[in-house]
Amino acid sequence: MAIALKKTGVADPAATPHWHAQAREIQKFGTVIEDLPHALNAKIRADMVAQLNQLLADSISLRDMYKKHHWQVSGPTFYQLHLLFDKHFDEQVEIVDTIAERVQLLGGVTVAMGGDVAEMTRIARPPRGREQVPVQISRLLEAHKLIIKSCLDISEAADKAGDQGTNDLVVSDVLRPNELQSWFLTEHLVEMPLVLEK
Ligand SMILES: [Fe+2]
């Protein structure tokens, strides 16, 4: 016995999601919201936001370089470096989020997308291809050095401006973890035989 198919119909338009939304930006990049319930005035916050956005762009670059190296590493130390690079990547994800949320909290707008980060970052762009381990580590160390110097500059500027929140964040949540990661990398570049010669 043939079963009649139910006639398919078109749903009520009220059930259709409005997924083609377009409108102007609500806040331009490079601006800060003036009237906020915040103890710091807009001028100080704008200055801090500019410096934090540069730190953010550099940290996003470093974060992504860790993933590139995690994927592309090779050689006798493959396993440990594969894992170490990914551990540092995960920690940089946290660092990036912490800086970004401080930018928004201060009334600014975060740099976020890859293309914009590529235009802003001061970290040298690595090639698309694979590189040897010492080159990978050297690139990461250069990036850490730049970020560590940046943290010292920003924390000093924040202290002078009275922005102790930024000062504390940059030292505790960015500077120290970057110093630690840098140390873990540096020790891989010391020539150390696995077996002692007699
Ligand atoms: Fe992975």
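Because the structure is a prediction, the values reported are computed rather than measured. Heads up: numbering here begins at 1 and tracks the sequence. First listed ligand is number 1; within each ligand, the first listed atom is number 1.
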**Asked** Strictly by modelled atom types, are Glu179 and His144 linked by a side-chain donor-acceptor pair under 3.5 Å?
**Response** no
**Asked** Any side-chain donor paired with an acceptor under 3.5 Å for Gln92 and Gln181?
**Response**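 Present: a donor and an acceptor within the cut-off.
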**Contacts of His82 that satisfy ring pair (Phe, Tyr, Trp, His ring centres under 6.0 Å) - sequence neighbours left out** = His70, Phe78
Thinking salt bridges, do [X] and [Y] make one under a 4.0 Å N-O criterion?
X	Y	answer
Asp97	Arg102	no
Arg139	Glu131	yes
Lys68	Asp64	no

**Request:** Check which protein N, O or S atoms are less than 2.8 Å from the Fe ion (ligand 1) and report how many there are.
**Result:** 1
